[in-house]
Amino acid sequence: MNAPASALNTDDAIKFRCENVNVWYGPTHAIKNNDIAIHDNSVTAFIGPSGCGKSTFLRCLNRMNDTIDICRVTGTLLLDGQDIYSKDIDPVQLRARVGMVFQKPNPFPKSIYDNVGYGPRIHGLARNKVELDEIVEDSLRAAGLWDEVKDRLAAPGTGLSGGQQQRLCIARAIATRPEVLLMDEPCSALDPIATETVEELISTLGERFCVVIVTHSMQQANRISQRTAFFHLGDLVEYDTTDAIFSTPKDERTIGYVSGRFG
Amino acid sequence: MLNWAALIIFALMLASYIMARQRAVALGGDTPAILHSRPTYHGAYVAICTALAGFGVLLIGLILSNIAIGTALVSSVPDALSPIERDLVISDGIAIANDTLASRTDELRETIAALYTKLTTLQIWGITIASIAAAVFAMLRGIGSVAVPFRARNRFEHIVGLILMVSAGIAILTTIGIVASLLGQTIVFFSDIPVWKFLFGTHWSPLSGVHEGTMDPDKVGAIPLFAGTLMITIIAMIVAVPIGLFAAIYLSDFASARARSIIKPMLEILAGIPTVVYGFFAAITVAPFLRDTGAAIGLSVSSESALAAGVVMGIMIIPFISSLSDDVINAVPQSLRDGSYGLGATKAETIRNVILPAALPGIMSAVLLGVSRAIGETMIVVMAAGQGANLTHNPLEAVTTVTVQIVALITGDTEASTAAGPAFSLGFTLFCITLIFNVWALALVRKYREVYD
């Protein structure tokens with residue numbers, strides 16, 4: 001359903017416009033006819049109980065669902081007005097524009113430097129070593145990790161702590177200069193201290209990128225996002241500013257969920 | 001006689017189970033829960049004690065008394081006879097005692113036969129009585145020990161643990177025994193032949209002139225054999241590693257679930273083909289094909305060539321490499337693939353930059369296990385590689401391998417005691433080489449495990 005225009009009427013341009021999106025896993029109808037407009041330079045949170053389809057919807061936005069054989073997506077998903085499921089779009093190239101950070105930190109078994117340099121190398125973003133060094137440094141700084149690892153860039157990324165690993169994965173995603181950052185429960189494998197650091201980072205990133213985050217934690221959505229979408233059983237039940245979702249939810253199901261009656 | 005003893009011990013075992021169990025049931029009465037252990041445990045414990053005592057005495061008695069009889073027979077033969085004559089006389093004596101064919105009969109042999117008959121009768125009766133007595137003793141003691149607080153359950157568990165330990169020990173002891181006998185023979189051989197002549201000599205024909213009683217140290221140079229083994233192994237790995245690895249990558253990351261479910265079992269069938277089949281395939285199909293193709297383009301390929309044997313051996317090793325590599329590639333977490341796809345990498349880039357580096361230690365260990373198979377492989381090279389020790393770097397010529405020469409030495413018509421020296425030495429060297437490769441492979445796997453757990 002469409003959110004009230006008044007609540008979402010801000011200066012941010014619309015990055016993603018999705019209409020009539022349906023997703024099937026084999027015979028299972030995972031996403032049912034959803035519409036949503038995701039704004040640029042802000043953080044949008046997807047919340048909802050387990051199995052509600054929020055991660056599935058997130059993975060439609062960079063066509064990660066293409067890697068699952070039985071998954072089928074229909075509807076219109078426009079990124080800057082361009083249909084990302086059209087034949088003209090190379091899904092591999094799309095994923096460089098729409099970066100992704102996963103639930104569990106997944107650094108490659110390579111050095112910290114090579115982890116961050118991986119994307120730029122594949123996409124030829126750096127013409128020489130000096131430029132690559134710059135990209136790596138900028139990305140690590142943007143992820144708030146530079147000061148902690150600048151003296152051991154050659155050390156394996158897998159040797160970092162959980163929170164550092166997740167920030168390394170964020171730096172790795174930033175390094176390909178994406179326009180959108182998708183985050184699938186990026187803090188669920190982290191302890192509270194590391195979560196706080198990563199949340200602060202996400203808030204900062206929201207000023208530069210279009211960030212879409214899936215989270216189980218309503219407090220987290222409240223803390224870091226400007227807009228929140230509530231999913232339930234494959235339906236996008238309610239989408240509004242985060243303040244509105246948590247203070248004056250309209251749908252019975254949203255009221256039940258944000259007040260902690262189920263979920 | 002001894003089989004009757006075994007049968008009686010078995011019957012005692014059953015009886016002791018029933019009696020101990022009955023006694024425990026009686027002790028429990030109306031409140032069986034007061035017993036520390038269930039009646040079955042009391043029964044099982046006493047039964048296992050009875051069996052161990054009876055069969056233990058039987059087995060140990062047999063081994064010890066056989067040694068004693070052997071010593072007694074040897075000491076009854078005059079010292080003047082040479083060891084070979086002495087062994088002959090004793091075996092004739094035993095043959096006479098058993099009423100089978102002896103090479104000849106005389107007074108000495110008759111005496112030995114009489115002694116042998118006397119001793120074996122004594123042995124059988126002694127062991128029978130001793131083992132049954134031991135079983136009865138253990139049974140009575142066990143039944144007597146059945147009591148309310150008796151911890152039969154824990155004791156039974158303890159004995160089961162010991163039996164399991166012995167089973168594991170047998171495998172280890174056998175290995176140690178084989179290595180020790182290899183080592184022993186090798187040391188004896190090297191007391192006649194200098195080690196360095198064996199390891200670095202380039203001429204191999206150990207049995208030529210050996211009927212004159214001595215082995216010429218200049219003719220036991222094993223270099224041509226190891227060079228042949230090395231060449232065939234390299235050819236095999238050149239064939240097996242790329243094909244096996246590519247097949248593994250296809251299976252793990254490119255094949256549909258349906259294709260995988262068909263191809264994977266078929267590759268495993270390839271691994272089940274007996275090597276002797278590969279051997280005649282190499283000798284009858286591949287080698288002539290290579291010879292004729294070579295002739296057509298003006299190359300002289302001998303009809304037994306290192307190339308034919310190596311290529312067929314490579315095909316044999318493909319399933320090992322692909323199956324093991326497929327396992328380690330699949331063990332690379334899906335999250336790493338997702339991470340790479342999420343950055344806009346293609347499948348091929350992901351495999352080359354993320355999956356293969358992560359799986360490399362495992363793939364290396366698969367390759368090393370393949371190498372140790374190639375080095376130890378025998379049937380293919382016996383049929384397709386050639387017999388003559390020929391030190392060459394040309395894969396189109398016939399070469400021979402360590403395993404082929406061991407086969408030739410052991411199955412040849414030279415006396416076993418003469419052929420055993422070089423054969424055991426080759427076997428021991430080969431064992432050391434494959435051991436090094438296997439240990440190396442295991443160390444790599446262990447290192448690999450540390451990365452993900």
Side-chain angles (χ1 to χ4, degrees), chain A residues 58-59 61-70 90-111 114-125 139 156-159 165-166 168-178 180-184 189, chain B residues 245 248-264 325 327-366 443-453:
Chain A
L58 189 78
R59 291 165 69 94
L61 299 178
N62 68 344
R63 295 187 60 176
M64 273 302 271
N65 284 333
D66 289 18
T67 60
I68 300 166
D69 288 338
I70 57 164
D90 171 13
V92 171
Q93 208 57 42
L94 172 73
R95 290 184 203 128
R97 289 172 65 193
V98 184
M100 190 159 194
V101 175
F102 297 83
Q103 187 168 357
K104 208 175 141 248
N106 56 351
F108 301 135
K110 296 169 179 288
S111 71
D114 288 339
N115 261 282
V116 182
Y118 181 79
R121 279 191 179 127
I122 288 178
H123 300 294
L125 298 182
S139 308
T158 43
Q165 287 189 12
Q166 194 60 299
L168 177 64
C169 293
I170 293 173
R172 188 174 71 184
I174 294 172
T176 57
R177 298 184 186 153
V180 183
L181 262 184
L182 308 178
M183 298 190 167
D184 191 355
Chain B
L245 192 53
I249 291 171
Y250 171 72
L251 280 179
S252 62
D253 281 70
F254 285 91
S256 66
R258 203 179 128 73
R260 188 183 155 84
S261 71
I262 298 169
I263 296 171
K264 181 115 178 156
S325 303
D327 290 345
V328 294
I329 289 174
N330 270 324
V332 174
Q334 181 63 32
S335 67
L336 287 185
R337 291 183 172 83
D338 285 344
S340 180
Y341 296 149
L343 290 169
T346 61
K347 247 180 194 178
E349 285 164 346
T350 302
I351 288 162
R352 189 162 56 84
N353 295 318
V354 176
I355 296 179
L356 287 185
L360 193 63
I363 292 170
M364 278 297 292
S365 85
L444 281 173
V445 170
R446 204 171 301 126
K447 191 178 155 202
Y448 171 70
R449 287 216 177 106
E450 283 167 5
V451 177
Y452 288 116
D453 284 356

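Chain naming here is simple, since letters A, B, ... match the order of the sequence lines and numbering starts at 1 in each. Since the structure is predicted, the reported quantities are computational estimates derived from the model, not experimental observations.
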Find out whether B/L336 and A/P109 are in side-chain contact, i.e. whether some heavy atom of one side chain is under 4.5 Å from a heavy atom of the other.
yes
d(B/D338 CG, A/T67 OG1) to nearest 0.5 Å is 6.0 Å
Inter-residue atom distance B/S340.OG - A/R172.CZ, 0.5 Å rounding
8.0 Å
So which of B/L343, B/N353, B/T346, B/V354 has the biggest tally of heavy-atom pairs under 4.5 Å with chain A?
B/L343
Interface moiety of A/R63 toward chain B, non-hydrogen atoms closer than 4.5 Å
neither
Report the option among A/R97, A/R121, A/R59, A/M64 that has the most heavy-atom pairs separated by less than 4.5 Å from atoms of chain B.
A/M64
Quick check on A/F108 against chain B: is it the side chain, the backbone, both or neither that has a heavy atom closer than 4.5 Å?
both
Please round to the nearest 0.5 Å and tell me the distance separating atom CZ of B/R337 and atom CG of A/N106.
12.5 Å
Go through the atoms of A/V101 and report whether side chain, backbone, both or neither lie under 4.5 Å from a heavy atom of chain B.
neither
Of all the heavy-atom pairs spanning A/I122 and B/A345, show the shortest one and how long it is.
CD1-CB, 3.5 Å
Please report the interatomic distance CD(B/E349) to NE2(A/H123), rounded to the nearest 0.5 Å.
7.0 Å
Please state whether the side chain, the backbone, both or neither of B/S256 comes within less than 4.5 Å of a heavy atom of chain A.
neither
Need one label for A/P107: side chain, backbone, both or neither, based on atoms under 4.5 Å from any heavy atom in chain B.
backbone
Greater than 12 external heavy atoms within 6.0 Å of A/K104's NZ
no
Atom CD of B/Q334 and atom CZ of A/F102: how far apart are they, to the nearest 0.5 Å?
9.5 Å
